[in-house]
Amino acid sequence: MAKRWYVVHVYSGFEKKIASHIKEQAAQKGLSDHFEEVLVPAEDVTEVRRGRKVNAERKFFPGYVLVKMELTDEAWHLVKDTPKVTGFLGSRTRPTPITEAEAERIMKQAQEGVERPRSAITFEIGEQIRVADGPFTSFNGTIEEVDDERTRLKVSVSIFGRSTPVELDFNQVEKL
């Protein structure tokens with residue numbers, strides 16, 4: 001029987017513990033051959049907290065773990081009987097696998113997030129911000145343009161009473 005990707009519903013906040021528990025239990029019970037991969041899709045994000053840049057991890061699907069496994073009765077019970085697992089996605093009696101293309105898309109998205117951390121904050125034109133880093137630190141300004149691709153903002157900052165456009169990185173500002 002071929003191994004396929006299944007989505008396991010778990011308690012939110014326990015995804016990594018459950019993933020490692022499934023791997024440990026599979027090794028202990030000699031079922032490692034049935035499990036190919038246990039994955040918690042996540043990306044790295046950069047947030048500004050209290051004026052400091054903080055790298056954090058954000059899960060794409062809080063409360064879910066992806067498992068590539070051969071669905072036998074033993075493997076199904078191993079996952080289903082793991083503490084803090086509420087069940088598989090699909091019907092109660094028979095889990096529904098996701099397609100290989102869906103799994104690849106999720107893994108690609110997670111890989112891009114790890115390679116290039118994104119800002120967890122979204123900005124809108126006209127929003128008031130405070131510059132937290134660089135030569136204009138502690139200046140207030142208004143967002144004029146948002147470039148999500150480059151994670152840059154064009155901000156109008158008042159310098160000596162004159163409105164001056166300044167280009168800043170997402171990580172250099174904080175919302176007011």
Apply side-chain contact (heavy atoms from CB on, under 4.5 Å) to residues Val85 and Phe14 and explain how you reach the verdict.
CA-CA 9 Å; Val85 169; Phe14 291 90; over 6 Å; no
Rounding to 0.5 Å, atoms OG1 (Thr82) and CD1 (Ile18) come to a distance of 7.5 Å
Applying side chain to side chain donor-acceptor pair (under 3.5 Å) to Glu37 and not counting sequence neighbours gives none
Sequence neighbours excluded, the answer for salt bridge (Lys or Arg N to Asp or Glu O under 4.0 Å) partners of Glu36 is Lys68
Worksheet item: Given the rule in the side-chain contact (heavy atoms from CB on, under 4.5 Å) test, do Val38 and Leu66 qualify, once you have shown the distances and angles that lead to the verdict?
Response: CA-CA 6 Å; Val38 181; Leu66 299 178; over 6 Å; no
Residues at least two apart in sequence or cross-chain that pass side chain to side chain donor-acceptor pair (under 3.5 Å) with Ser156, listed by chain then number, are Ser163
Could you check whether any side-chain heavy atom of Pro95 comes within less than 4.5 Å of a side-chain heavy atom of Leu71, counting everything from C-beta outward? yes
CZ of Phe88 to OG1 of Thr96, rounded to nearest 0.5 Å, is 11.0 Å
Original post:
Taking the side chain as C-beta and beyond, is there a heavy-atom pair between Ile129 and Leu176 under 4.5 Å?
Top reply: no
* Side chains of Phe123 and Asp148: closer than 4.5 Å at any heavy-atom pair? -> no
The complete set of salt bridge (charged side-chain N to carboxylate O under 4.0 Å, His left out) pairs with one or both residues in residues 72-85, sequence neighbours excluded, reads none
For Ala75 and His34 the tightest heavy-atom approach is CB-CB, 4.2 Å
Contacts of Glu57 meeting side chain to side chain donor-acceptor pair (under 3.5 Å) (sequence neighbours excluded), chain-then-number -> Lys16
Taking it one step at a time, do Met69 and Val79 satisfy side-chain contact (heavy atoms from CB on, under 4.5 Å)? CA-CA 10 Å; Met69 60 187 267; Val79 174; 4.1 Å; yes
Return all side-chain donor-acceptor pairs below 3.5 angstrom for residues 22-30, not counting sequence neighbours, or 'none' if the list is empty.
| residue | atom | partner | partner atom | Å |
| --- | --- | --- | --- | --- |
| Gln25 | NE2 | Gln28 | OE1 | 3.4 |

Separation between CZ (Arg94) and CH2 (Trp76), nearest 0.5 Å, reads 9.0 Å
Could you list the donor-acceptor pairs under 3.5 angstrom formed by side chains in residues 4-12, with sequence neighbours left out?
| residue | atom | partner | partner atom | Å |
| --- | --- | --- | --- | --- |
| His9 | ND1 | Thr86 | OG1 | 2.4 |

Interatomic distance, CD@Gln172 vs OG1@Thr151, rounded to 0.5 Å, equals 9.5 Å
So side-chain hydrogen bond (donor to acceptor under 3.5 Å, both in side chains) across residues 124-135, not counting sequence neighbours, yields Glu127-Lys175, Gln128-Thr142, Arg130-Asn140
Across all chains, not counting sequence neighbours, the side-chain contact (heavy atoms from CB on, under 4.5 Å) partners of Arg105 are Gln109
Do Val131 and Ile159 sit in the same hydrophobic cluster, where Ile, Leu, Val, Met, Phe, Trp and Tyr count as joined when their side-chain heavy atoms come under 4.5 Å apart?
yes
query: Short question: side chain of Glu144, backbone of Lys154 - any donor-acceptor pair under 3.5 Å?
result: no
Between Glu174 and Ala132 the two heavy atoms that sit nearest each other are OE1-CB, 3.9 Å
So CD1 of Ile125 and CD1 of Ile143: to nearest 0.5 Å the spacing works out to 8.5 Å
Query - Side chain to side chain, Met107 and Pro41, heavy atoms closer than 4.5 Å - result: no
Contacts of Glu102 meeting side chain to side chain donor-acceptor pair (under 3.5 Å) (sequence neighbours excluded), chain-then-number -> Thr99
### Heavy atoms of other groups near Lys59 NZ, more than 12 under 6.0 Å
yes
So CZ of Phe139 and CG of Leu168: to nearest 0.5 Å the spacing works out to 11.5 Å
Going through the distances and angles, do Leu39 and Val65 end up as a side-chain contact (heavy atoms from CB on, under 4.5 Å)?
CA-CA 6 Å; Leu39 186 71; Val65 174; over 6 Å; no
Applying side-chain contact (heavy atoms from CB on, under 4.5 Å) to Arg150 and not counting sequence neighbours gives Asp147, Arg152, Glu167
